[in-house]
**Q** 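One structure is given below, represented as structure tokens, and several questions about it will come after.
Computed from a predicted structure; not experimentally measured. Both backbone and side-chain heavy atoms feed into the values below; hydrogens, waters and symmetry mates do not.
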Amino acid sequence: MEKERKKLSPKAKKAIIAIAVIAGVLAIVIASCNIWAAVEGGKEQTGVSVGYAWSAQDDYSTQKTSALDMGGGDYKILVLTDIHLKNHGTFAAWLGINYLLDGVGKIALDNLVEDVNPDLILVLGDTVLTDRNDMEYERFVKQMDSYEKPWACVFGNHDDEGRADKAKLADVLKTSRYGLFEYGPEDLHGAGNYVIELQRNGVAEYALFMMDSGSSLEFSEGTEGINEKQVEWYCWNMDAFEQKYGKKPANMSFFHIPTPAYTTLDTFEQGERREDSYPHNSTDAIVDAMLENGGTHIFVGHDHSNNFIAGYKGMKLCYATKSSYNCYYSSGMTGGVVLTVDKDNNVKEEIVYF
């Protein structure tokens with residue numbers, strides 16, 4: 001005799017139906033969002049921003065910089081990197097997990113900025129990774145402007161892997177109320193090669209060089225990295241500072257992809273290495289040029305599981321700390337780096353976490 005099957009109660013049937021309906025609605029919402037994202041991501045966006053003409057033969061009086069006053073005391077710079085908004089490589093991205101990770105990351109970053117209370121914020125690239133890169137840049141500009149602090153950024157290798165080219169992203173960045181981004185010389189590699197002066201009493205005591213180290217779209221062409229012409233531009237600017245102020249200021253460079261020298265480092269003042277360094281430069285020409293011109297620090301991003309600060313031939317080669325939960329990261333290694341320039345223009349580095 002067959003065992004009688006147990007019948008579901010009316011309440012259980014209703015629960016199953018409700019779950020099925022919710023799952024169906026959720027599937028429709030996710031599918032609709034993904035269709036919208038795919039359609040929007042395919043709409044090519046070309047910007048109008050262009051750089052200015054520059055030559056190493058130009059008179060030094062043509063130098064273009066932004067200037068910020070450090071006042072008479074400490075001046076704090078918060079360095080961030082690899083935020084990867086809407087990172088499409090994250091597991092289950094199509095289910096909307098990226099939106100959750102972005103939301104949690106924004107809260108953490110808001111709290112970090114409030115705690116540090118920096119005078120200047122620098123963002124070292126890979127801010128987004130999505131087909132709708134210009135839309136995410138618009139959102140990021142609003143977030144950065146909400147802090148009411150001067151801020152500047154460079155492009156990483158992934159930022160232009162979307163519907164918008166770098167000129168369009170530059171258009172978006174130029175809408176910022178507090179942003180210092182400049183396109184820079186039109187015939188230099190990439191976009192976003194520019195200089196920020198940190199002054200006391202009207203004199204540049206530190207120069208911050210923001211530079212484009214290249215896009216993943218360029219790697220196959222062999223044009224990635226800080227190239228010879230960018231190094232020439234750096235040296236020209238240092239000579240221009242000397243003519244203008246009678247001295248070359250101490251200086252730091254900020255770009256996304258490390259140079260080959262990073263692969264040689266194994267002793268760290270702070271932070272740690274949890275993965276290999278992946279440089280795309282064929283030489284360390286920018287490092288050598290900085291050693292000859294009073295350079296003190298280079299900061300990069302790109303390798304998310306590294307955040308070390310290391311001495312190198314009298315200067316420091318450093319990683320910024322990954323500043324989000326989107327894309328891969330090492331546990332306990334998310335946050336930023338605070339650079340404090342004291343009244344005597346000495347720099348203290350501190351890795352801060354969230």
Side-chain angles (χ1 to χ4, degrees), residues 54 56 58-77 79 119-120 122 124 152 154 180 182 184-185 188 193-213 225-255 258-262 264-265 269-270 281 283-300 309-320 337-350:
W54 172 83
D58 286 351
D59 187 273
Y60 294 136
S61 64
T62 64
Q63 184 191 38
K64 300 179 186 297
T65 65
S66 297
L68 297 173
D69 183 15
M70 292 193 288
D74 289 350
Y75 189 85
K76 286 197 290 187
I77 304 168
V79 187
D119 298 292
L120 172 65
L122 303 179
L124 305 193
V154 296
L180 302 174
E182 295 289 345
L188 288 191
N193 296 283
Y194 57 106
V195 190
I196 302 169
E197 295 184 39
L198 300 183
Q199 297 183 346
R200 295 192 198 272
N201 300 315
V203 176
E205 298 294 348
Y206 247 102
L208 310 182
F209 285 83
M210 312 296 290
M211 305 173 80
D212 189 341
S213 58
I226 303 300
N227 65 20
E228 291 181 5
K229 194 157 189 180
Q230 287 170 293
V231 175
E232 187 177 31
W233 170 77
Y234 163 83
C235 293
W236 181 90
N237 272 285
M238 292 307 299
D239 290 340
F241 277 122
E242 186 170 33
Q243 184 185 74
K244 184 177 180 180
Y245 297 114
K247 66 174 185 178
K248 293 182 179 181
N251 56 95
M252 308 184 222
S253 287
F254 301 86
F255 45 88
T259 74
Y262 277 78
T264 69
L265 303 171
E269 297 179 9
Q270 294 183 56
N281 296 69
T283 72
D284 283 305
I286 185 61
V287 181
D288 296 336
M290 290 183 67
L291 287 169
E292 295 174 1
N293 286 277
T296 62
H297 299 72
I298 292 177
F299 273 89
V300 301
I309 294 169
Y312 182 82
K313 298 183 179 180
M315 63 183 294
K316 294 183 181 182
L317 301 184
C318 317
Y319 275 99
V337 178
V338 179
L339 306 178
T340 302
V341 185
D342 69 17
K343 62 182 179 60
D344 297 315
N345 303 317
N346 300 309
V347 177
K348 175 186 175 183
E349 312 88 6
E350 180 187 6

**Q** Please verify the inter-ring angle class for F299 with F254; under 30° counts as parallel, over 60° as perpendicular, anything in between as tilted.
**A**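 The arrangement is parallel - the two ring planes meet at less than 30°.
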
**Q** Pairing donors with acceptors under 3.5 angstrom, does anything connect the side chains of Y312 and T264?
**A** no

**Q** Answer yes or no: is there a donor N or O on one side and an acceptor on the other, between the side chain of D69 and the main chain of G202, under 3.5 Å?
**A** no

**Q** When rounded to the nearest 0.5 angstrom, what distance separates CE in M252 from CD1 in I298?
**A**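 The distance works out to 12.0 Å.
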
**Q** Within a strict 4.5 Å, meaning less than it, do heavy atoms of the P185 and Y194 side chains meet?
**A**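 No, their side chains stay 4.5 Å or more apart.
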
**Q** Report yes or no: does R200 contribute a side-chain atom to a donor-acceptor pair with the main-chain N or O of N345 at less than 3.5 Å?
**A** no

**Q** Taking C-beta and beyond as the side chain, do T259 and I226 meet within less than 4.5 Å on heavy atoms?
**A**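 The answer is no, as the side chains (C-beta and beyond) never meet within the 4.5 Å cut-off.
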
**Q** Starting from the C-alpha separation in whole Å, work towards a yes-or-no answer on side chain to side chain contact (heavy atoms under 4.5 Å, CB included) for V338 and I77.
**A** CA-CA 6 Å; V338 179; I77 304 168; over 6 Å; no

**Q** For a quick test of reading the model, state the closest non-hydrogen atom pair linking N293 to Y234 and the distance between them.
**A**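 Looking at all heavy atoms of both residues, the shortest contact is CB-OH, 3.4 Å.
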
**Q** Assess whether a salt bridge exists between E197 and K244, defined as any Lys/Arg side-chain N lying under 4.0 Å from an Asp/Glu carboxylate O.
**A**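 Here E197 pairs with K244 in a salt bridge, since their nearest N and O are under 4.0 Å apart.
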
**Q** Tell me whether E182 contacts the main-chain N or O of V195 through its side chain, where contact means a donor paired with an acceptor under 3.5 Å.
**A**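 Between the backbone of V195 and the side chain of E182 there is no qualifying donor-acceptor contact (under 3.5 Å).
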
**Q** Test side chain to side chain contact (heavy atoms under 4.5 Å, CB included) on L188 and M211 and set out the steps.
**A** CA-CA 10 Å; L188 288 191; M211 305 173 80; over 6 Å; no

**Q** State, with a plain yes or no, whether a side-chain heavy atom of V287 is found less than 4.5 Å away from one of M315.
**A**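 V287 vs M315: side chains touch.
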
**Q** Does the side chain of P249 come within less than 4.5 Å of E205's, by heavy atoms?
**A** no

**Q** Looking at side-chain heavy atoms only, is the closest gap between Y206 and V347 below 4.5 Å?
**A** yes

**Q** Could you check whether any side-chain heavy atom of L68 comes within less than 4.5 Å of a side-chain heavy atom of Q199, counting everything from C-beta outward?
**A**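 Contact flag for L68/Q199 side chains = no.
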
**Q** My understanding is that only one of F241, F209, Y60 makes a ring-ring contact (aromatic ring centres under 6.0 Å, His included) with W236; could you say which?
**A**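 Single pass found, and it is Y60.
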
**Q** Does a salt bridge link K348 with D74, judged by any charged N lying under 4.0 Å from a carboxylate O?
**A**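 No salt bridge links K348 with D74.
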
**Q** Would L120 and L180 satisfy side chain to side chain contact (heavy atoms under 4.5 Å, CB included), going step by step from the backbone distance to the final call?
**A** CA-CA 10 Å; L120 172 65; L180 302 174; 4.0 Å; yes

**Q** Answer yes or no: is there a side-chain heavy-atom contact under 4.5 Å between M210 and I196?
**A** yes

**Q** Looking only at atom types and distance, does a side-chain atom of D284 sit under 3.5 Å from a main-chain N or O of A261, one as donor and one as acceptor?
**A**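 Side chain of D284 to backbone of A261, a donor-acceptor pair under 3.5 Å: yes, one is there.
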
**Q** For the CG atom of L208 and the CG atom of N251, what is their distance to the nearest 0.5 Å?
**A**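 Result: 9.0 Å between the selected atoms.
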
**Q** Is there a donor-acceptor pair under 3.5 Å between the side chain of N237 and the backbone N or O of W233?
**A**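 Judged by distance alone, yes, a pair lies under 3.5 Å.
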
**Q** Tell me whether N201 at atom CG has more than 12 heavy atoms from other residues, nucleotides or ligands lying less than 6.0 Å away.
**A** no

**Q** Heavy-atom distance under 4.5 Å between the side chains of K313 and L291, does that happen here?
**A**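 K313 vs L291: side chains touch.
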
**Q** Can you name the closest pair of heavy atoms from C318 and H297 and give their distance?
**A** SG-CD2, 4.1 Å

**Q** Evaluate V337 against Q270 for side chain to side chain contact (heavy atoms under 4.5 Å, CB included), listing each step before the verdict.
**A** CA-CA 11 Å; V337 178; Q270 294 183 56; over 6 Å; no

**Q** Tell me every residue that passes ring-ring contact (aromatic ring centres under 6.0 Å, His included) with F255, counting only those two or more places apart in sequence or in another chain.
**A** none

**Q** Could you state the interatomic distance from OH (Y319) to CG (L124), rounded to the nearest 0.5 Å?
**A** 12.0 Å

**Q** How long is the span from the CE atom in M70 to the CG atom in L198, to the nearest 0.5 Å?
**A**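 If we round to the nearest 0.5 Å, M70:CE and L198:CG are 5.0 Å apart.
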
**Q** Using a strict 4.0 Å threshold on nitrogen-to-oxygen distance, state whether K316 and E349 make a salt bridge.
**A**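 Yes.
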
**Q** Could you tell me whether the side chain of Q243 and the main chain of A240 form a donor-acceptor pair under 3.5 Å?
**A**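 Checking the backbone N and O of A240 against the side chain of Q243, no donor-acceptor pair under 3.5 Å is found.
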
**Q** Look at E350 together with K76 and state whether they make a salt bridge at an N to O cut-off of under 4.0 Å.
**A** no

**Q** Rounded to the nearest 0.5 Å, what separation is found between the CG atom of L317 and the OG atom of S253?
**A**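 Between L317 CG and S253 OG, I get 11.0 Å after rounding to 0.5 Å.
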
**Q** Find the distance between OG1 (T340) and CG (N346) and round it off to the nearest 0.5 Å.
**A** 11.5 Å

